[in-house]
Amino acid sequence: MKPHFLSRFLFLFSLILASSTPASAFSVVNLTNYHQIELPKSVVGPESIAFDCRGKGPYVGVSDGRILKWQGPCRGWTEFAFTSPTRPRKICDGSTDNTTEPICGRPLGLKFNPKTCELYIADAYFGLLKIGRNGGRPQQLATSLNGVPFRFLNALDIDSQTGIVYFTDTSTAYQRRLWPLSIATGDKTGRLLQYDPCTKKVTVLLDNLAFANGVALSKDSSFLLVAESATFKIFKFWLRGPKAHDAQLFTQLKRPADNIKRTNSGEFWAALNSRRGLQGNQTSPSLWLTKDPVGVKFDEQGNVMEVLDGEGGPTLESISEVEEHNGKLWIGSVVKSYVGVIKS
């Protein structure tokens with residue numbers, strides 16, 4: 001082999017190796033160190049997970065409209081708050097009936113403001129709420145826009161410096177209990193919204209979204225990520241800089257994303273719905289190095305850092321959130337009766 005030909009061969013070979021690096025540059029998290037914390041009897045659906053300003057919790061919103069706090073294996077779950085201002089306990093406590101949600105409430109997105117220790121909640125029926133550090137009755141911050149009531153608030157995040165709350169309104173046409181119709185009809189009335197605590201005004205940042213879902217603020221507060229579940233997309237919406245108020249595609253997924261949570265280091269976990277039993281496996285194993293990705297961790301540029309493998313079983317077949325906290329992954333679900341925990 002001639003020297004110049006060998007040099008060219010080695011150069012091309014190095015390019016091939018370089019091009020294959022992204023497929024093996026991230027790690028796969030399996031269920032080896034998995035356990036779960038069962039919810040109290042009857043309730044289900046710990047959609048979102050939050051830890052307070054002292055790191056205590058987790059706190060979860062469940063199917064009967066309450067916010068529960070985990071107090072450890074000895075004390076278990078205790079009631080922290082509720083979202084319906086006139087919640088009838090006889091009807092609501094322990095309910096998993098979605099027809100009672102407009103009465104009992106359905107808390108979805110949860111987030112503590114680390115500066116004030118107040119819990120902010122996106123309730124699907126009662127709007128954007130705030131609860132003091134001692135829990136109890138909610139304060140309604142926003143229930144409508146331009147006189148039109150919200151129909152399906154979903155996820156939220158908070159800028160701890162300004163107190164501004166970013167949240168999603170999944171649909172202006174369908175309530176949460178009718179969510180399949182939003183998908184089936186091709187509804188694109190979802191919105192990304194902003195609540196300013198100084199002016200108490202709600203502003204539309206991005207509209208015409210097909211099932212607007214999870215939202216997360218970047219570490220430097222320069223952009224938001226927002227999930228459009230019906231199209232399997234996540235968008236990046238710039239808040240400042242030369243691209244301010246512009247939206248661009250962050251990533252195109254093979255499965256619909258639900259909640260998005262930022263880590264302390266500035267990366268993002270997106271929960272993925274497996275859709276098992278609906279459309280079969282939606283994901284290319286060659287891309288993800290696993291046949292059942294139920295969560296994916298991205299850096300700010302959209303590069304994959306980690307993938308959570310559901311391993312094809314029922315345990316993680318329907319997850320709504322992956323929250324990274326104190327060396328563990330805390331896993332929520334809108335339908336399951338437990339919170340999953342994986343030591344990472």
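The analysis underlying the following values was restricted to heavy atoms, covering all of them including side chains, and did not include hydrogens, waters or symmetry mates.
- The minimum heavy-atom distance between Asp64 and Cys104, with the atom names listed, is O-CB, 3.7 Å.
- Applying the side chain to side chain donor-acceptor pair (under 3.5 Å) test to residues at least two apart or on different chains, the pairs with a partner in residues 76-86 are Arg66-Glu79, Gln71-Thr78, Glu79-Arg89, Thr83-Asp123.
- Residues Asn30 and Thr32 bring a donor and an acceptor atom of their side chains to less than 3.5 Å of each other.
- Residue pairs that meet the ring-ring contact (aromatic ring centres under 6.0 Å, His included) test with at least one member in residues 128-155, sequence neighbours left out, are Phe150-Phe167, Phe152-Phe211.
- Taking the centre of each ring, Phe250 and Phe298 come in below the 6.0 Å mark.
- Closest of all the heavy-atom pairs between Ser221 and Asp159 is OG-OD2, 3.4 Å.
- In summary, Lys297 and Glu267 engage in a salt bridge, as defined by a charged side-chain N under 4.0 Å from a carboxylate O.
- Using a cut-off of 4.0 Å between Lys/Arg side-chain N and Asp/Glu carboxylate O, Lys201 and Asp196 are scored as not salt-bridged.
- Side-chain contact of Ser218 with Asp220: a donor-acceptor pair under 3.5 Å is present, judged by distance alone.
- Between Lys243 and Trp238, the shortest heavy-atom distance links the atoms O-CB, 3.2 Å.
- Across Thr189 and Ser171, no two heavy atoms sit closer than the pair OG1-OG, 3.4 Å.
- Among residue pairs with one or both ends in residues 48-63, those qualifying as side chain to side chain donor-acceptor pair (under 3.5 Å) are Ser48-Glu321, Asp52-Tyr59, Tyr59-Lys69; sequence neighbours excluded.
- The shortest distance between side-chain heavy atoms of Trp330 and Ile37 falls below 4.5 Å.
- A salt bridge links Arg255 to Asp292: one of the charged nitrogens lies within less than 4.0 Å of a carboxylate oxygen.
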